[in-house]
Amino acid sequence: MSVECPNFASQMKQADISRELRAATAKAVKTLFNADISDSEILINDTRKEFEGDYSIVVFPLSKLSRKSPEATAGEIGKYLKDHYDIIEDYNVIKGFLNCLIKTQRWIEVFEAREKTNDFSKSNGKKVVVEYCGPNTNKPLHLGHVRNMVIGYSMANILEAGGYEVHKVNIYNDRGIAICKSMLAWQKFGHGETPESSGLKGDQLVGKYYVLFDQQYRKQVADLIKNGHNEDDAKAATPLLLEAQQMLRKWESGDRETIRLWETMNRWVYAGFEKTFETLGVDFEKNYYESEHYLSGKELVEEGLKKGIFFRKDDGSVWVDLTDRGMDQKILLRKDGTSVYLTQDLGTANSRYQDFEMDLSVYVVADEQNYHFKALKGTLEKLGKPYASGIYHLSYGMVDLPSGKMKSREGTSVDADDLMQQMFDTAEEHTKALGKIEAFSEQQAQVLYRKLGLGALKFHLLRVNPKRRILFNPEESIEFHGDTGPFIQYTYARIQSILKKWESMGKPGNNDDKSNTLENIERFILRQEIAFSKVIEEACESMDPSLIASFTLNLAKLYNRFYNEYPILKAKDKSVLFFRVRLSEQVAKTIEQAMLLLGIEVPESM
RNA sequence: GGUCGCGUAGCUCAGCUGGAUAGAGCAACAGCCUUCUAAGCUGUGGGUCGAAGGUUCGAAUCCUUCCGCGAUCACCA
């Protein structure tokens, strides 16, 4: 059974003039020069603003087929197009570029088609799981997690717009030595402190003891060094570290008291994380816990051994040889039979496939783990797992401070909750300074500050290519002017203001009022509008939300130029007024959709 | 040392599978609100696209070498 539902992408394609032009050019080449060329081989650019035209066909490659000069070739193709396609108003040739001016009528038709396709609904029949966040449970979330979450959440939205059925999941690294350090410090120095008794968010409370552990630990190391130990010995021999290791062993052997403490403190952390997720506006369909999976993956190792893909060394440890893929040998089981990181991820990948049977599995994880994911994928491929090829590591660069890497235990990391609060405060300052929201209730104002603060923060993180490192200077606050989230939000709010005013005017204009002129800037806006679906496709293919960010920024810039240079509600001609209102409305819709793909909300006024 | 990534204006970044005189924002300077929201718009200055070769009609983009920065190559996760 198949349901015919409007497919955003395919309808948009019908309204894609550059695609029409490409097909027409291929036909022209066939007719004029009797040469075959596929549509995709024809390169079409937006005409640069210093020349007349909407789209430019790059003719250099075609002159090989015509055996004429680029200019002559362009001239012939231009004439053919103008004679045979009524979408061409005129053309001109400059060097090897054929600049085509599209008829106003065609632009209007395309615009009307665009107006009708404002939702994405058609599925591509594929499932994707997006794993993001992946925190340790011994400390609160920091700016690095924020970048991760914002990328993951946005990429999930973009994939959904691209037709995927999307499942967002989180993985909690809830066991190991790190959480034991927090537990031990709390046990020794906490005096029974709880989130309730201290008023601290649970994750902040647990993080406090993680930092405290490190401080006490350093003190002990210093003492040992003073008493004649060398540094390496001292680091390994402090009573605190030995105790933490002891605690980890007790945890692994299932010691009831240790497990109970671990459960309690993790519960605090999860409650704290939930608040941060809610404030940031991200969510997960399912949570995975390392504590439930760290033993799994062993069956896969058995399977690999049986198939002869893995091998056992003399000491009993099990390895996979990835040298044929330019990697090394990787250990899978220690000689005592315990599993390592890679083994665990083998196990989680497997159970994830049992849970979702996804076609694609996206892991949003920092680029320090590039090698690990290459090894994971390579190992699963060797095992012949059906989901191996669908593994995609969405690798992003870490966030640095001017002083270097963020380190939670040294207290140098930028706390996610603090940062968001700071953004809200800054948004409030800016807004109050402008004094445009007197009509707002306190409640409405708070909602606005949150939208603007998050808009600024998320856009700042998403507008750069994920694989780039980001330098965050706490001394310089994130901008609200220029190429920013609030600038785009402002553009949206401005349009809403126009639309409201238009309504209060009694909505002058109707569909009989056909405009037959377009300003250049209006054509530029339309050209940008109809590129949206292609940008979504590209963002899916390259797993890169920054493409959406650039697109949206450009659209907002074009609109603001238009807004500043031309009257909309004050246009003299009613048909022009009506068209400009509709164009504005459409731009607002696109901005809203695009921003939602980034996980950013837009305000009705600001 | 091996592998991978990055290097574009003072700063932060765009630049699609090679295409026109390399584009924005910030910062600096000069303009634009009795007119639809000035978180806006316009203009000016600012570049040997890390370096050198190569491929091409054509290179920031592709190839090679080199320089600089980072990550990784853990029986940590």
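Lettering follows sequence order; numbering is per chain, from 1.
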So does A:Lys534 get a side-chain nitrogen or oxygen closer than 4.0 Å to the phosphate oxygens (OP1/OP2) of B:rU17?
no
Quick one: A:Glu565 CD to B:rC41 P, roughly how many Å, whole number?
10 Å
Can you see which heavy atom on A:Phe487 is nearest to which on A:Gly482, and at what distance?
CB-O, 3.1 Å
Aromatic-base stack, A:Phe60 on B:rG19, cutoff 5.5 Å, angle under 30
yes
Presence of donor-acceptor pair under 3.5 Å, side chain of A:Asp46 and base of B:rC16:
no
What nucleic acid atoms does A:Leu452 come within less than 4.0 Å of, heavy atoms only: base, sugar-phosphate, or nothing?
base
Spacing of the P atoms in B:rU17 and B:rC36 (rounded, Å)
44 Å
Taking B:rU37, B:rG25, B:rU72 as options, the one with an atom nearest any side-chain atom of A:Glu368 is B:rU72
RNA chain B contacts among residues 473-480 of chain A, heavy-atom distance under 4.0 Å
A:Glu479, A:Phe480
Anti/syn call for B:rC63, syn if |chi| within 90°:
anti
Donor-acceptor pair present, A:Ser546 side chain and B:rA14 base, under 3.5 Å:
no
What integer number of Å spans the C1' atoms of B:rC16 and B:rG23?
15 Å
Could you give the distance separating B:rA59 and B:rA51 at their P atoms, to the nearest angstrom?
15 Å
Is there a side-chain polar atom (N or O) of A:His481 under 4.0 Å from OP1 or OP2 of B:rG25?
no
B:rA9 and B:rC67: how far apart are their P atoms, nearest whole angstrom?
22 Å
How are the rings of A:Phe578 and A:Trp502 set relative to one another: parallel (under 30°), tilted (30 to 60°) or perpendicular (over 60°)?
tilted
If you only use heavy atoms from C-beta on, which nucleotide in B:rG40, B:rU21, B:rG15 is closest to the side chain of A:Lys95?
B:rU21
Spacing of A:Tyr91 atom OH relative to B:rA20 atom C1', expressed in whole Å:
19 Å
Between protein and nucleotides 4-7 of chain B, what N or O pairs are separated by less than 3.5 Å?
| from | atom 1 | to | atom 2 | distance (Å) |
| --- | --- | --- | --- | --- |
| B:rC6 | OP1 | A:Lys467 | NZ | 3.2 |

Counting any heavy atom closer than 4.0 Å, what does A:Tyr566 reach on the DNA or RNA strands: base, sugar-phosphate only, or nothing?
base
Among B:rC75, B:rU37, B:rC41, the nucleotide that comes nearest once only the side chain of A:Tyr490 is considered:
B:rU37
The salt bridge (charged side-chain N to carboxylate O under 4.0 Å, His left out) partners of A:Arg469 (sequence neighbours excluded) come to A:Asp400
Pick base, sugar-phosphate or nothing for A:Arg48, based on heavy-atom distances below 4.0 Å to the nucleic acid.
base
Selected nucleotide, minimal atom distance to A:Asn45 side chain, candidates B:rU72, B:rC16, B:rU42
B:rC16
When all nucleic acid strands are considered with a 4.0 Å heavy-atom cut-off, which category describes A:Pro70: base, sugar-phosphate, or nothing?
nothing
Using a heavy-atom cut-off of 4.0 Å across all strands, would you classify A:Glu538 as base, sugar-phosphate, or nothing?
nothing
Looking at B:rG19, B:rA38, B:rA77, which one has an atom nearest to any side-chain atom of A:Val340?
B:rA77
Using a strict cut-off of less than 4.0 Å between a Lys/Arg side-chain nitrogen and an Asp/Glu carboxylate oxygen, indicate whether A:Lys432 and A:Glu428 qualify as a salt bridge.
yes
A cation-pi test, strictly: NZ or CZ of A:Arg494 under 6.0 Å from the centre of the six-membered ring of A:Tyr563 and no more than 45 degrees from its axis. Yes or no?
yes
Hey, does A:Ser605 reach any base, or is it just sugar-phosphate, or nothing, if we go heavy atoms under 4.0 Å?
base
Taking atom types as they are modelled, would you say the side chain of A:Asn99 forms a donor-acceptor pair with the base of B:rA20 within the 3.5 Å cutoff?
yes
Quote, to the nearest angstrom, the P distance that separates B:rU8 from B:rA60.
15 Å
Considering residues at least two apart in sequence or located in another chain, which fulfil the salt bridge (charged side-chain N to carboxylate O under 4.0 Å, His left out) criterion with A:Arg352?
A:Glu131
In this structure, how many angstroms lie between the C1' atom of B:rC16 and the CD1 atom of A:Ile42, rounded?
17 Å
Only counting residues at least two apart or in another chain, list the ones meeting salt bridge (charged side-chain N to carboxylate O under 4.0 Å, His left out) with A:Arg48.
A:Glu50
What contact category does A:Tyr371 fall into here, base, sugar-phosphate, or nothing, at under 4.0 angstrom with non-hydrogen atoms?
sugar-phosphate
What does A:Met606 touch in the nucleic acid at a heavy-atom separation under 4.0 angstrom: a base, only the sugar-phosphate, or nothing?
base
Let's test your reading of the pairing rules: Watson-Crick or G-U wobble, both distances under 3.5 Å, then write RNA chain B as a dot-bracket string with ( ), [ ], | and dots.
(((((((..((((.....[...)))).(((((.......))))).....(((((..]....))))))))))))....
RNA chain B-proximal residues of residues 328-338 of chain A, any heavy atom under 4.0 Å:
A:Asp328, A:Ile331, A:Arg334
Starting the side chain at C-beta, find the nucleotide from B:rU37, B:rC36, B:rG19 nearest to A:Val58.
B:rG19
Charged tip of A:Arg67 within 45° of A:Phe33 ring normal and under 6.0 Å:
no
Do the ring planes of A:Tyr172 and A:Tyr289 sit parallel (below 30°), tilted (30 to 60°) or perpendicular (above 60°)?
parallel
What integer distance in Å separates A:Ile498:CD1 from B:rG40:P?
17 Å
Please work out if A:Phe51 contacts a base, only the sugar-phosphate, or nothing of the nucleic acid, heavy-atom cut-off 4.0 Å.
base
Are the ring of A:Phe97 and the six-membered base ring of B:rG19 within the stacking cut-offs of under 5.5 Å and under 30°?
no
Using nucleotides 30-35 of chain B, report all nitrogen or oxygen pairs with the protein that are shorter than 3.5 Å.
| from | atom 1 | to | atom 2 | distance (Å) |
| --- | --- | --- | --- | --- |
| B:rU35 | O2' | A:Lys570 | NZ | 2.3 |

From the list B:rU17, B:rC36, B:rU37, which nucleotide is the closest neighbour of the side chain of A:Leu43?
B:rU17
Sequence neighbours left out, what passes salt bridge (charged side-chain N to carboxylate O under 4.0 Å, His left out) with A:Lys500? Give chain and number order.
none
The nucleotide from B:rG40, B:rG15, B:rU37 with an atom nearest the side chain of A:Asn560 is B:rG40
Quick note, A:Ser56 side chain, CB onward, closest among B:rA20, B:rC75, B:rU72 is B:rA20
With A:Tyr341 via ring-ring contact (aromatic ring centres under 6.0 Å, His included) - residues at least two apart
A:His372
Distance check, C1' atoms only: B:rC62 and B:rC49, in whole angstrom units.
16 Å
When the C1' atoms of B:rA28 and B:rA22 are considered, how many whole Å apart are they?
22 Å
Any idea which heavy atoms bring A:Ala26 and A:Ile37 closest together, and the distance?
CB-O, 3.7 Å
Tell me, which pairs form a salt bridge (Lys or Arg N to Asp or Glu O under 4.0 Å) where one or both residues lie in residues 325-344 of chain A, sequence neighbours left out?
A:Arg325-A:Glu381
Does anything in residues 569-582 of chain A form a side chain to side chain donor-acceptor pair (under 3.5 Å)? List the pairs, not counting sequence neighbours.
A:Glu112-A:Arg582, A:Glu115-A:Arg582, A:Glu522-A:Arg580, A:Asp573-A:Ser575
Taking 4.0 angstrom as the limit, do A:Glu601 and A:Arg450 come out as a salt bridge?
no
